[in-house]
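To keep things clear, I will list the structure first and then write my remarks on it.
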Amino acid sequence: MSLQARSLGLCYWRMSKKAQTAISPTRAEDYPEWYQQVIKAADLAETSPVRGCMVIKPWGYAIWENIQRELDARFKATGHKNAYFPLFIPMSFLQKEADHVEGFAKECAVVTHSRLEADADGKLQPAGPLEEPLIVRPTSETIIGELFAKWVQSYRDLPLLINQWANVVRWEMRTRLFLRTAEFLWQEGHTVHASSEEAMEETRQMLEVYADFAESHLAMPVMTGEKTEAERFPGAEATFAIEAMMQDRKALQAGTSHFLGQNFARSSEIKYLSAEGKEEYAWTTSWGVSTRLVGGLIMSHSDDDGLVLPPRIAPAHVVVIPVTPKESTRAAVLEYCQELKRELEAQVFLDGRVKVEFDDRDMRGGEKTWGWIKKGVPVRVEVGPRDMEADSVFVGRRDRAPKDKESMDRSAFISGISGLLDSIQDNLLAKAKAFRKAHTREIASEAEFVEFFTPEAGNPGEAHGGFALMGFCCDPELEDSIAKKYKVTVRCIPDSTASETVPCAFTGKPGKRVLFAKSY
RNA sequence: CGGGCCGUAGCGCAGUCUGGUAGCGCACUUCGCUGGGGGUGAAGGGGUCGCAGGUUCAAAUCCUGUCGGCCCGACCA
């Protein structure tokens, strides 16, 4: 809403110097608003008539499908099977695990009636009250636990490795497209093991799957580590997470993996008979990533001209844009483009084919090109009569400036497409890593901490801070007061430094080297 | 749920203070000129001003309520 101010005085003198950008405001001007505009310009999603819920549009959903496809393959490769459990959970189930209730009770949608009846005024009213209210799953530990208790009888049934792709509902107060919505799509893995060690191994393994996927496919570098008590999943013994840095230098928790100990096994009576004939409580884990990953993807790479997609997750790798200035050459150019599309689609990228969009819509060329830039397609190929004659193509890559385009020999372009896409993928990851590195700092004292996280005076909107690595005694009360005072939280105790003991920068007591950051 | 800002055409906004026939830009439709780039000229289409009450001869404008959005807190993947 500060658009008003911008369109008046400010822009007047900036206009002449500033390069025009497809997205307004820019990241530097207003980061949260820029984020929304990127989503709109790329046609990824929009808000819905239902408060806090989003509509994922085809281009956004295609990204989610690609995330699903790749992760699903990795889950299967590590021995997991997919299943599906009910959307509704009897309210009493939630009650079984004390911490779990506390964590989720205040954000549950509750179903209390089974039908609607018209009243005297013809208005529909809920009728047929349920004997026991149902809640819409905020997560499925309790109902899955109930079933696992039946499925697991013997040590021979273990390990039990299940995953489900589903929607869940958490009645959030403030929502943002992809990052936090009342209903979201996710995947939740639930496993049962005979020993603590094996369950912990599973927890770590799945965190590793997430971390590797984030880096290799989303080109989003992540830190892995354990959460402190304050940030732990309700009911878990230990929670691990992957944390990524967004372009405003805030941290985004992009995936979690929980070691649940025997807490849910006890509350759901998941027991098995060991080889020695003894009845034992099992050990469980759960782990998940959500459509939030799409938000992370957007904020990792996109620029002031819109979305930037890493090739490995992009719904389309190449868009072919015919340039038809003269009616006389139009048919020939279109045919040339069709053939180009066919040949590109015969090329292999990753473990599939190169995905090509051919945009022959009858509209102005510039608009069309900018449309695809805003959608983030990695490679644009513009082909006109002159290119056709020279048997060449005019190529632009999304990780470079919009006008930074070059003419390439057609066959060389086709045979090199896979390499070109790899190079864009690598470049995006390298850029993201460099950005994170540039804004990660070792912090030794509270004063330095405050300086790092405080914007320049008089410029509260300025990008500042980042990842602060520092010694911390992990006292929950101190952590809480720091969070309240500075709006900075412990994102995790990074695995890379978990074994070190260092003095706490606040108290001097022995502590761990932890990652502090502002977060989403 | 508290504090601030805001709901007027598909999108972005002016008009509200000071009540008097609903406007602008972009987008859209048709036609023309253009033609390696989001160009240009003309003519059009589209809005019960978020919703419900109230005050008034008259309400986008004033009053009350309500629903929704954004930002800042508390909460969270």
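Protein chains get the first letters and strands the later ones, always in sequence-line order, with residue 1 at the start of each. All figures in this text were calculated on a predicted structure; none of them were measured in a lab.
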Task: Sequence-distant partners of A:Arg361, salt bridge (Lys or Arg N to Asp or Glu O under 4.0 Å), two or more places apart - done: A:Asp359

Task: Residue of the set A:Phe452, A:Phe472, A:Phe453, A:Phe467 for which ring pair (Phe, Tyr, Trp, His ring centres under 6.0 Å) holds with A:Phe516 - done: A:Phe472

Task: B/S/- contact track for nucleotides 32-38 of chain B, protein heavy atom under 4.0 Å - done: --BBBBB

Using the 3.5 Å cut-off, write out each protein N or O paired with an N or O of nucleotides 71-73 of chain B and the distance between them.
from	atom 1	to	atom 2	distance (Å)
B:C72	OP2	A:Arg174	NH2	2.7

TODO: Could you tell me the separation between the CG atom of A:Asp480 and the P atom of B:A74, rounded to a whole number of Å?
DONE: 10 Å

Open item on the list: Under the rule for side-chain hydrogen bond (donor to acceptor under 3.5 Å, both in side chains), what residues qualify as partners of A:Gln164, not counting sequence neighbours?
Closed with: A:Ser140, A:Glu188

Open item on the list: The criterion is side-chain hydrogen bond (donor to acceptor under 3.5 Å, both in side chains); which residues satisfy it with A:Asp404, sequence neighbours excluded?
Closed with: none

TODO: Could you tell me whether A:Thr181 contacts a base, only the sugar-phosphate backbone, or nothing, with contacts defined as non-hydrogen atoms closer than 4.0 Å?
DONE: base

Task: Contacts of type side-chain hydrogen bond (donor to acceptor under 3.5 Å, both in side chains), residue A:Lys484, not counting sequence neighbours - done: A:Asp480

Task: Results of salt bridge (Lys or Arg N to Asp or Glu O under 4.0 Å) for A:Glu243 - residues two or more places apart only - done: A:Lys227, A:Arg491

Task: Pairs touching residues 52-64 of chain A that satisfy side chain to side chain donor-acceptor pair (under 3.5 Å), sequence neighbours left out - done: A:Asp43-A:Lys57, A:Glu46-A:Lys57

TODO: Kindly write out the residues that satisfy side-chain hydrogen bond (donor to acceptor under 3.5 Å, both in side chains) with A:Thr47, not counting sequence neighbours, or none if the list is empty.
DONE: none

- [ ] Report the distance from atom OH of A:Tyr31 to atom P of B:C70, rounded to the nearest whole Å.
- [x] 17 Å

TODO: Under 4.0 Å from any atom of RNA chain B, heavy atoms only: list the residues of residues 205-238 of chain A that qualify, in numerical order.
DONE: none

Pairs of donor and acceptor atoms involving the side chains of residues 378-386 of chain A, under 3.5 Å and at least two apart or interchain, shall be tabulated with distances.
from	atom 1	to	atom 2	distance (Å)
A:Arg380	NH2	A:Pro402	O	3.3
A:Glu382	OE1	A:Lys405	NZ	3.3
A:Glu382	OE2	A:Lys405	NZ	3.2

Open item on the list: Applying salt bridge (Lys or Arg N to Asp or Glu O under 4.0 Å), can you list everything that pairs with A:Arg27, at least two apart in sequence or on another chain?
Closed with: A:Asp304

